[in-house]
There are 4 protein chains.
Amino acid sequence: MAGNSFGTIFRYTSWGESHGPAIGCVVDGVPPLIPLAEPDIQRYLDKRRPGTSRFTTQRQEPDQVKILSGVFEGLTTGTPIALEIANKDARSRDYETIKDSYRPGHADYTYDAKYGIRDYRGGGRASARETAMRVAAGAVARKILDELIRIRGGEPIRIRGALVQMGPHQVDRAAWDWAAVEDNPFWCPDRQMAQRWEGFLDGVRKAGNSTGAVVEVVAEGVPPGWGDPTYGKLDAELASAMMGINAVKAVEIGAGFGAAALSGEQNADEMRMLEGKVAFLSNNAGGILGGISTGQDIVLRFAVKPSSSILIPRRSVDRHGKEVEVVTKGRHDPCVGIRAVPVGEAMMAVVLADHLLRHRAQCA
Amino acid sequence: MAGNSFGTIFRYTSWGESHGPAIGCVVDGVPPLIPLAEPDIQRYLDKRRPGTSRFTTQRQEPDQVKILSGVFEGLTTGTPIALEIANKDARSRDYETIKDSYRPGHADYTYDAKYGIRDYRGGGRASARETAMRVAAGAVARKILDELIRIRGGEPIRIRGALVQMGPHQVDRAAWDWAAVEDNPFWCPDRQMAQRWEGFLDGVRKAGNSTGAVVEVVAEGVPPGWGDPTYGKLDAELASAMMGINAVKAVEIGAGFGAAALSGEQNADEMRMLEGKVAFLSNNAGGILGGISTGQDIVLRFAVKPSSSILIPRRSVDRHGKEVEVVTKGRHDPCVGIRAVPVGEAMMAVVLADHLLRHRAQCA
Amino acid sequence: MAGNSFGTIFRYTSWGESHGPAIGCVVDGVPPLIPLAEPDIQRYLDKRRPGTSRFTTQRQEPDQVKILSGVFEGLTTGTPIALEIANKDARSRDYETIKDSYRPGHADYTYDAKYGIRDYRGGGRASARETAMRVAAGAVARKILDELIRIRGGEPIRIRGALVQMGPHQVDRAAWDWAAVEDNPFWCPDRQMAQRWEGFLDGVRKAGNSTGAVVEVVAEGVPPGWGDPTYGKLDAELASAMMGINAVKAVEIGAGFGAAALSGEQNADEMRMLEGKVAFLSNNAGGILGGISTGQDIVLRFAVKPSSSILIPRRSVDRHGKEVEVVTKGRHDPCVGIRAVPVGEAMMAVVLADHLLRHRAQCA
Amino acid sequence: MAGNSFGTIFRYTSWGESHGPAIGCVVDGVPPLIPLAEPDIQRYLDKRRPGTSRFTTQRQEPDQVKILSGVFEGLTTGTPIALEIANKDARSRDYETIKDSYRPGHADYTYDAKYGIRDYRGGGRASARETAMRVAAGAVARKILDELIRIRGGEPIRIRGALVQMGPHQVDRAAWDWAAVEDNPFWCPDRQMAQRWEGFLDGVRKAGNSTGAVVEVVAEGVPPGWGDPTYGKLDAELASAMMGINAVKAVEIGAGFGAAALSGEQNADEMRMLEGKVAFLSNNAGGILGGISTGQDIVLRFAVKPSSSILIPRRSVDRHGKEVEVVTKGRHDPCVGIRAVPVGEAMMAVVLADHLLRHRAQCA
């Protein structure tokens, strides 16, 4: 209700501020007997971790996760799993100067409007630091998907993300190579474009500016039948999951906004039988029809706005109604879209794990 | 949980199939002492009602709503409000031929994959007929917004929608005229474009085809401070609300996907003081920052795919794994985006009413 | 949230006032392919129906239930099941005289304190008439329990209730005979006591008075392992389910209040192996340990207060702060505990069906 | 859903096992600007803390709580409040011997039946150690009640508990003295009975046995109008809250089970006007009618079974189906009812804080 929990049967609750002593989450509803250890989570946190290249914030956070409950002798017990990460490199002094000012494009003004109080240090609760917990919960979700599908003898579900646009520069889909994604600091699937982005982003960074981006997340291997129709639709919950990530302003599934320009003849994905199984001849639906998975790849994209933490002075006001100019110093990401890639993957995993459990609750 | 309820404090649960005896919903959590009568709901249902022009389905449904509980002597009592609409013009025979076939682009295959059974008559529960209940619940939500804001002496919240793109044809935003919206059968804010759409859609209709569209919904007058951060964000819940409408494939807020191409300098909306109040100099945020309303207009758009109910034969398969060709006869909308306009408005109202109550629960 | 829904995965929402046009509920989360027809529900409604003997209210309500959605060709489809009962024999005029007065022991004063408005006709929403919907939802829950356990090849779960105390008169447990329960108008398992109650209750009724009672509900055949620990405990949810029935003031499970006087040695139910299965040597736990079913009979009791609708004048006040005397005419039950028996059974079924689905969601 | 959260708007989620590194909870939905510091919580934890007299377990746990988020400069910010307590004195070796055995009366067998795995050390998640988190959340709830009522200028709500029965020995209600409650190690309101209990409990303890008890909790000052009717009734949620406390087997409100023996004439609490306000002449309702508070004291009692951790050998079975004898060594409470007193108070506070927020959401 109060907005710090996500999911229904697989459900996690996150807590913590950017400059508090720690951040954490409680992951509830995890089936018992799932193998789980800290490295299973750490490998995904390391993808999101700040300070790994010159293109992300220089805040040095090892982001070492601890499992405090819910796992016994290497297996989940069905009880809540508490995860915690200490904050190590908070420099609260950086924020003293903007203590009373509202940084344009940030949640400073709206938090004050809502609560009448805010922890201004590093954005407090509104900081994208919270997304570490999405990644942690997502890692647990992946283990559930792996184990429950392994038991049934199914093909594993594979969830992968990539950056497909940085500023105005889009990847060439014909050049798409998943292997390339791990080879550049942008999770870019187009090797040539990755090089171009490097120059582009250096320019942005040196100008003290920032840039927007588009992330694509694909889930392969999801069986048909997941998703609750009407108000628990798989696409509606994915939309909520992605739009809820810091700085996201748009979400589309399959053909997305492009579907508006299509005719019904072009858009509807035709079906044939292939080796005894239903096969679709295209995937404009993005793997979801009527809110329920079709068995095709689930494909979505979301837009991440450029960070508002920039060195270029912007006009604003302060708590006392005085007009001010704001320059956001501190250590920031010139393109927050990059680190949003593992976050988007994690939210996909969280939604799918929840829907797996929901599906077997009603229909198993 | 099972996906037929929407909202938290203001919460409605819908039921009913396209060709069952009736459809209905139960609206719970409505504050007491709100004036409410059937015409308050009927006026919005009439906007969505089929059969009002040659550009919508010719199914004749008067869609007369009945209030069965929760209102006493013209006022809400705080108890659940049951709303019901009889189905009058169901022609189930039209569907006998596709009883076992999966119509491409429809939820036939996924419902069967999920449940192992489906009411094939008119799409059953997956029919857009369910959206009548969204409109009905939205009408109750509007009354709550009106009354609670009137009591506080505030300016009323105004929620309006328009069709901004049909097929490849977008409106000219410079020609935007809200008054025009009521004057054409498309809810088009651009009078010239409305005429062009008329010819375009006649062509589509006569070809037995259909077309996609984009709807824009704007809420004016929402005070700053509504929305729960992290996982109950106002934008995340709007994204879920819109993506959950039948045939919607994409949602964006404010600059939306356009934000990806912007720099931080361009994107962040600057603030000044204007007549003692905070004023924003632009609205790329679409009225929401950090998941909380800024006090600006809330502006969103969503894409509606072209209806898959077309006369052009499409390849498909049936329940028994046989390859078939499907032609969808019956009475259908050549552009379902048109009737999605009042539905989008309703979902905006529902989300806002819920967040008004949630905000006062925690912060009033 | 607003309090008209019960359950999580199996979840129903009820609506309607005593003297409105109808009452109803929407049952959501029902697994697909469960055989269900109106008589499956009607047989339980008939047990609760008023006017069946001189010991219950003389209001004549046939309580004919209609299924309006969610069932297709005799099977549930997994979509919401809307149930509805018309109100036939409301005599609202009976209530004109107490329109402004608060009947002592009724919810009149508290509804006004909460909402500032109430439908005074027959108690409005606070009327025990709402319990018809508990019975209807309970009947659906029983079908789920039957079908899902049948599929697994298990023994059916049997849920039975009895009245074990009327006023000061308790049944003799040594004389307990389930067959007797159907043979008297009180659901009394002790034939001799049933006769004694007849005289006692005639006296109460003729005096224009009423009497309290205790109901016992037993569920046999529940497998071990159902119930979520900590805050979704099976016993905690049963306590909530029973305490929420109109006029209930106490709930106990197993040894209940008697456990307070026991020693640990006496109370803990010892275990042995019997035919290869765990067997308990006693059932002080009432079939639940740590909030999870043990596989023994689940046994609970709840106390129903005497109806406050009596002919004996009682001192009270009215809406305007005037002191008044209230005599409750109209048609009432001298012992509401009798009709609470099928309601208690129904709530047991509802809680068990929900926990069956919750258990398989997490642990199946 | 998965059972580790309690409440709706004011909602907390607890985690942690008896012998894990720590236990904790996340308290969500707390209004902003409530003064809160660790001592506000510690004072109530100290009441529940083990090892304070010879009548409670000798496990030495300082139970020092840390606030890790949600409080800034001494005030709540409206964001989630994470609370954590390190486990200091776990002696896991004590439990090696019963690793595979099911202790009768404990949740060992049922956890295994549900999850197929359990953390046997000290009862794992089923340990009453979890109740420390109920007390911590309850302390936050009390601060909310205090502050929100102070702002409105109302009388503070006072929540107090007492032990009213130990084994077969009940207090004399004529001798009730709230001041006495703080003066003896039993929270006994009857000074004479407290002395008698001392001898009784020494006997129980020396015999390696345990005893049951009854706790009474009273909330004074709750305004009329709190509670959601039908399925969110104040009494139903209190019943769930109390029944969910470890070892509780019964709950009653007001006259409780005694109401069964009363007539309607005796039971209904009459009303008069007193100094311009509604006054009730008795309180058989225990302060709740129709699920909504009347403004009278809310009075409830719950029964706590005797601990099953006793030195007297009991017959049982083990995981492998072998019959065994179990003696529970380790350090245990001879009367767990004593330490249930602050837990019952806390759950009363939690339910009331949630209902305060729920009431103002819908009806403020």
Side-chain angles (χ1 to χ4, degrees), chain B residues 1-5 7-17 19-34 66-73 75-84 86-87 111-112 114-121 124-126 130 354 357-358 361, chain C residues 1-5 7-17 19-34 66-73 75-84 86-87 111-112 114-121 124-126 130 354 357-358 361:
Chain B
M1 168 65 53
N4 296 288
S5 299
T8 52
I9 295 179
F10 175 85
R11 180 176 180 85
Y12 73 98
T13 300
S14 96
W15 57 268
E17 281 83 40
H19 289 209
I23 56 174
C25 69
V26 185
V27 187
D28 207 358
V30 178
L33 302 168
I34 308 279
K66 274 191 217 153
I67 298 176
L68 295 180
S69 68
V71 176
F72 185 60
E73 299 178 345
L75 297 173
T76 60
T77 61
T79 63
I81 298 171
L83 304 175
E84 203 168 304
N87 286 330
Y111 266 65
D112 242 8
K114 182 172 197 68
Y115 298 120
I117 181 175
R118 73 190 166 93
D119 177 352
Y120 57 81
R121 301 165 307 163
R125 179 72 183 150
E130 190 275 339
D354 190 30
L357 301 182
R358 286 157 71 167
Chain C
M1 166 67 50
N4 296 289
S5 299
T8 51
I9 294 177
F10 175 84
R11 180 176 180 85
Y12 73 98
T13 300
S14 97
W15 57 268
E17 282 83 38
H19 289 208
I23 57 174
C25 69
V26 186
V27 186
D28 206 358
V30 178
L33 302 168
I34 309 280
K66 274 190 216 155
I67 298 176
L68 295 180
S69 67
V71 176
F72 186 60
E73 299 178 344
L75 297 173
T76 60
T77 61
T79 63
I81 299 171
L83 304 175
E84 202 168 305
N87 286 328
Y111 266 65
D112 242 9
K114 181 169 198 71
Y115 297 120
I117 181 175
R118 73 190 166 91
D119 177 350
Y120 57 81
R121 301 165 309 163
R125 179 71 182 151
E130 190 275 337
D354 190 31
L357 301 182
R358 285 156 73 166

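For the numbers below, each heavy atom of this structure counts, side chains included, while hydrogens, waters and symmetry mates do not. Within every chain, numbering begins at 1; the chains are lettered A, B, ... in the order of the sequence lines, protein sequences first and strands thereafter.
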How long is the span from the [atom1] atom in [X] to the [atom2] atom in [Y], to the nearest 0.5 Å?
| X | Y | atom1 | atom2 | answer |
| --- | --- | --- | --- | --- |
| C:T77 | B:Y111 | OG1 | OH | 8.5 Å |
| C:L83 | B:W15 | CG | CH2 | 10.0 Å |
| B:R125 | C:F72 | CZ | CZ | 15.5 Å |

Q: Let me know if C:R118 has heavy atoms under 4.5 Å from chain B in its side chain, its backbone, both or neither.
A: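 For C:R118, the contact with chain B is made by the backbone alone.
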
Q. Can you tell which of C:C25, C:G116, C:G78 has the highest number of heavy-atom pairs within less than 4.5 Å of chain B?
A.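 With the most close heavy-atom pairs to chain B, the winner is C:G78.
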
**Q.** Set of side chain to side chain donor-acceptor pair (under 3.5 Å) partners for B:D354, sequence neighbours left out
**A.** B:T8, B:R358

(Q) My understanding is that only residues two or more places apart in sequence, or in another chain, count here; which of them pass side chain to side chain donor-acceptor pair (under 3.5 Å) with C:T76? (A) none

Q) Closest approach of B:G70 and C:E17, non-hydrogen atoms and distance? A)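 Looks like N-OE1, 3.2 Å.
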
Q: Go through B:P21, B:G29, B:P32, B:P80 and name the one with the most non-hydrogen pairs under 4.5 angstrom from chain C.
A: B:P80

Q) Which one of B:I81, B:L68, B:T79, B:V26 has the most heavy-atom pairs closer than 4.5 Å to chain C? A)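 Max contact count across the listed options: B:L68.
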
